[in-house]
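Note that ligands are numbered from 1 as they come in the structure, with each ligand's atoms numbered from 1 the same way. We're numbering straight along the sequence, starting at 1.
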Amino acid sequence: MEKKNKVFIATSLDGYIADRNGGLDWLSSDWLESVPSDDNTGMGYEPFVESIDALVMGRTTFETVVGFGVPWPYKKPVFVLSNTMKEIPDSHKDKAFLVKGELKEVLEHIHEKGYYNLYIDGGTTVSSFLKEGLIDEMILTRIPILLGGGHPLFYELPKRVKFKLLESKVYKNQIVQNHYKVV
Ligand SMILES: NC(=O)c1ccc[n+]([C@@H]2O[C@H](COP(=O)([O-])OP(=O)(O)OC[C@H]3O[C@@H](n4cnc5c(N)ncnc54)[C@H](OP(=O)(O)O)[C@@H]3O)[C@@H](O)[C@H]2O)c1
């Protein structure tokens with residue numbers, strides 16, 4: 001079975017995935033919603049999540065999504081990376097599973113459960129996967145705003161990682177989405 005780790009994430013022009021307060025308000029702000037669109041795929045998000053077997057996300061992203069107080073948005077199992085969290089809150093025990101330790105061992109554990117095509121989410125998490133050469137594809141959606149600070153998508157890496165552009169789309173004549181594959 002082919003194993004793949006993919007990223008699907010939105011960033012500001014200055015490369016942040018959340019503002020200084022961790023907020024994603026800018027993703028649903030009026031200016032974005034007010035641009036008419038005939039796209040009904042969530043800018044490619046819906047087919048992307050259909051294509052994956054499970055998610056691996058950092059503790060911060062998990063806590064942010066839980067904190068939204070909305071119905072759980074994922075239909076696939078979510079593996080939460082954390083070395084500090086003792087256990088998944090009771091409210092989410094059937095949906096999310098705590099994982100810790102070396103990423104390669106974490107991935108082996110997830111593959112043994114039958115999940116091979118993984119959605120890797122959270123900036124620190126994506127960078128730690130990149131550091132170990134464990135990302136295969138990235139779909140990056142660039143929102144035309146400078147946040148000026150916040151949670152970056154990319155941190156320092158020990159060496160260059162080269163990508164090939166597979167596809168580029170423009171949504172709402174505003175938002176550029178690039179699909180990259182590691183060379
Ligand atoms: N724009 C978007 O599309 C988008 C998508 C996802 C998330 N976000 C936002 O981005 C923010 C979170 O991103 P983030 O970069 O701060 O954090 P993150 O990657 O979600 O979480 C980082 C945490 O994961 C845990 N962790 C354990 N092992 C790890 C490992 N090997 N590598 C990396 N993390 C590991 C650590 O928690 P412990 O300290 O518990 O060990 C670490 O502090 C949130 O505000 C979220 O809403 C935005």
With a cut-off of 4.0 Å, which atoms of ligand 1 are near a heavy atom of [X]?
| X | result |
| --- | --- |
| Asn83 | 27 (C), 28 (N), 38 (P), 40 (O), 41 (O) |
| Gly58 | 18 (P), 19 (O), 20 (O), 21 (O), 24 (O) |
| Gly123 | 13 (O), 14 (P), 15 (O), 19 (O) |
| Ala18 | 9 (C), 10 (O), 45 (O) |

Relative to ligand 1, is [X] under 4.0 angstrom through side chain, backbone, both or neither, heavy atoms considered?
| X | result |
| --- | --- |
| Arg59 | both |
| Ser82 | both |
| Leu103 | side chain |

Look only at the side chain of Ser82 and the backbone of Arg59, and say whether a donor-acceptor pair between them is shorter than 3.5 Å.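 Here the side-chain-to-backbone pair does not exist.
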
Answer with yes or no whether the hydrophobic clustering places Phe154 together with Phe163; edges join I, L, V, M, F, W, Y residues whose side-chain heavy atoms lie under 4.5 Å apart. yes

At a 4.0 Å cut-off, with the gap strictly under it, does some heavy atom of Met57 reach an atom of ligand 1?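 Contact check Met57 vs ligand 1: negative.
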
Quick check: closest heavy atoms across Leu165 and Glu167, and the distance to 0.1 Å?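 That would be CD1-O, 3.4 Å.
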
Could you pull out the closest heavy-atom pair between Arg142 and Leu13, with the gap in Å? NH1-O, 3.4 Å

Aromatic plane relationship, His111 with Tyr116 - under 30° parallel, 30 to 60° tilted, over 60° perpendicular: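 The rings of Tyr116 and His111 lie parallel, inter-plane angle below 30°.
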
Aromatic rings Trp72 and His92: how do their planes relate, parallel, tilted or perpendicular, breaks at 30° and 60°?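 If you compare the ring of Trp72 with that of His92, the planes turn out perpendicular.
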
Looking at Asp121, Val99, Val56, the heavy atom closest to atom 5 (C) of ligand 1 belongs to Asp121

Pick, from Ile143, Thr60, Leu153, Thr64, the option with the minimum heavy-atom distance to atom 21 (O) of ligand 1.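 Comparing heavy atoms across Ile143, Thr60, Leu153, Thr64, the nearest one to atom 21 (O) of ligand 1 lies in Thr60.
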
Quick check on Lys76: does its NZ atom have over 12 non-hydrogen neighbours (other residues, nucleotides or ligands) under 6.0 Å away? yes

With a 6.0 Å cut-off (strictly less than), is the heavy-atom count around NZ of Lys95, excluding the residue itself, greater than 12? yes

Based purely on interatomic distance, does Thr11 place a nitrogen or oxygen under 3.5 Å from a nitrogen or oxygen of ligand 1?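 In this structure, Thr11 places no N or O atom under 3.5 Å from an N or O of ligand 1.
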
When only distance counts, is His151 in polar contact with ligand 1, meaning an N/O pair under 3.5 Å? yes

